[in-house]
Amino acid sequence: MGLRWGILGAASIADSAIIPAIMANPASTVVSIASRDLDRASALARKHGVGRAESYSRMLGSGDLDAVYIPLPVASHVEWIEKALAAGKHVLCEKPIAMNADDIRQLIKLRDRFGLVCAEAMMIVHSPQWQAAMDLILRKAIGVLKRVDGCFSYYLDDPSSIRNQGSLGGGALRDIGVYPVAATRIVTR
């Protein structure tokens, strides 16, 4: 049967990247999509041929899921990760996994207590291209790292966009700036 996933949120990243990736893996399937807006969950489920659309709580109470992917606003991550782990589900959560280090420490304790996987969906950690570049830097194959300058940007001038809401975990540092910061941490370990 493989790994049975629930998608806890109808964010565009789930639609454009995560659901297609899970469905392309013959060892995985998406069983359910949950949203605060059932119509939105239903539309996304129909688009991807997923059999069920439901509420977050109903999804977590389901006995036919092994794992959930959480693409909710960052400020909601910890709450729903805790609920998913308590419901016996493995978790893959969109980056950043939490708003602060204390919350991350709490999630690690819960993960260990329940014996489940709880991981952050940070593509640079897993991308073969990034891994190759980081390996070159760490081996000093392209010289000695002396300085890091980072720039990662996109155009978004809608102040109401969740990606611009600092209180929800958006903003330049947490949403997009996390990539050069995380890459720098990895290659300077």
Side-chain angles (χ1 to χ4, degrees), residues 1-99 103-131 162-163 168-170 174-176 178-179 182 186:
M1 167 132 247
L3 194 60
R4 301 164 302 171
W5 287 87
I7 308 300
L8 197 76
S12 62
I13 187 76
D15 179 22
S16 66
I18 303 302
I19 296 170
I22 291 170
M23 298 298 255
N25 181 339
S28 294
T29 189
V30 177
V31 174
S32 174
I33 298 175
S35 176
R36 293 171 301 172
D37 179 343
L38 193 54
D39 290 338
R40 189 168 177 200
S42 296
L44 195 57
R46 276 191 306 278
K47 177 180 178 181
H48 292 282
V50 173
R52 217 167 55 227
E54 57 196 339
S55 71
Y56 299 157
S57 297
R58 187 171 180 136
M59 174 188 281
L60 292 181
S62 170
D64 66 349
L65 295 177
D66 304 303
V68 295
Y69 165 69
I70 301 176
L72 299 172
V74 179
S76 300
H77 287 177
V78 172
E79 172 189 1
W80 289 102
I81 292 169
E82 288 174 347
K83 289 177 180 181
L85 291 171
K89 313 296 187 231
H90 298 286
V91 175
L92 177 63
C93 185
E94 193 53 48
K95 60 81 184 150
I97 201 164
M99 299 276 280
D103 284 344
I104 294 170
R105 283 189 276 277
Q106 178 61 26
L107 293 176
I108 291 168
K109 287 178 185 174
L110 284 172
R111 174 205 67 191
D112 293 348
R113 185 172 101 208
F114 290 111
L116 296 165
V117 173
C118 179
E120 180 179 61
M122 173 60 84
M123 69 93 173
I124 65 170
V125 176
H126 305 287
S127 163
Q129 295 156 321
W130 276 93
Q131 288 177 349
I162 195 164
R163 293 183 171 277
L168 297 177
R174 286 190 179 110
D175 185 52
I176 204 68
V178 70
Y179 290 110
I186 291 168

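Values in this document were obtained by computation on a predicted structure and should not be read as measured data.
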* To do: Provide the closest heavy-atom pair for Gln106 versus Glu82 in the form atom of the first, atom of the second, distance.
  => CG-OE2, 3.9 Å
* Asked: Looking only at heavy atoms, which two atoms of Pro71 and Gly9 are closest? And how far apart?
  -> CG-O, 3.7 Å
* Separation of Ser57 OG from Trp80 CH2 (nearest 0.5 Å) -> 4.0 Å
* To do: Go through the steps to decide whether Ile22 and Thr29 satisfy the test side-chain contact (heavy atoms from CB on, under 4.5 Å), and finish with yes or no.
  => CA-CA 6 Å; Ile22 291 170; Thr29 189; 5.8 Å; no
* **Heavy-atom pair of closest approach, residues Ala45 and Ala53** => CB-CB, 4.4 Å
* Is the closest side-chain heavy-atom distance between Val50 and Val31 below 4.5 Å? -> no
* To do: Look at the side chain of Asp66 and the backbone N and O of Arg4, then say whether any donor-acceptor pair between them is shorter than 3.5 Å.
  => yes
* Is Glu94 reaching over with its side chain to a backbone N or O of Glu120, donor-acceptor style, under 3.5 angstrom? -> no
* Asked: If you round to the nearest 0.5 Å, how far is CD1 of Ile97 from CD1 of Ile108?
  -> 8.5 Å
* To do: Establish, yes or no, whether a centroid distance under 6.0 Å links the rings of Tyr69 and Trp5.
  => no
* **Any side-chain heavy-atom pair of Pro20 and Met23 under 4.5 Å** => no
* Where do Ile19 and Leu44 land on the side-chain contact (heavy atoms from CB on, under 4.5 Å) test, with the steps shown first? -> CA-CA 10 Å; Ile19 296 170; Leu44 195 57; 4.0 Å; yes
* Roughly how far, to the nearest 0.5 Å, is the CG atom of Asp64 from the OG atom of Ser32? -> 8.0 Å
* To do: Report yes or no: does Ser35 contribute a side-chain atom to a donor-acceptor pair with the main-chain N or O of Leu38 at less than 3.5 Å?
  => no
* Check: Gln131 and Val125 side chains under 4.5 Å, non-hydrogen atoms -> no
* Which pair of non-hydrogen atoms, one from Ala98 and one from Asp103, has the smallest distance, and what is that distance? -> CB-CB, 3.7 Å
* Structure fact -> Correct closest heavy-atom pair for Phe114 and Ala86 would be CZ-CA, 3.7 Å
* With distance as the sole test, does Ser127 use its side chain to make a donor-acceptor pair with the main-chain N or O of Met123 at under 3.5 Å? -> no
* Does a donor on one side chain and an acceptor on the other come within less than 3.5 Å for Ser62 and Arg52? -> yes
* To do: May I have the step-by-step check of side-chain contact (heavy atoms from CB on, under 4.5 Å) for Lys47 and Asp15, ending in yes or no?
  => CA-CA 9 Å; Lys47 177 180 178 181; Asp15 179 22; 2.9 Å; yes
* Carefully, step by step, assess Cys118 and Ile81 under the rule side-chain contact (heavy atoms from CB on, under 4.5 Å). => CA-CA 8 Å; Cys118 179; Ile81 292 169; 3.6 Å; yes
* **Close side-chain approach of Val68 and Leu92, heavy atoms under 4.5 Å** => no
* Identified side-chain contact (heavy atoms from CB on, under 4.5 Å) counterpart of His77 within the set Ile70, Val91, Ile104 -> Ile70
* **Sidechain-backbone polar pair: His90 side chain, Leu116 backbone, donor-acceptor under 3.5 Å** => no
* For Val178 against Met122, the heavy-atom pair lying closest together -> CG2-CE, 3.6 Å
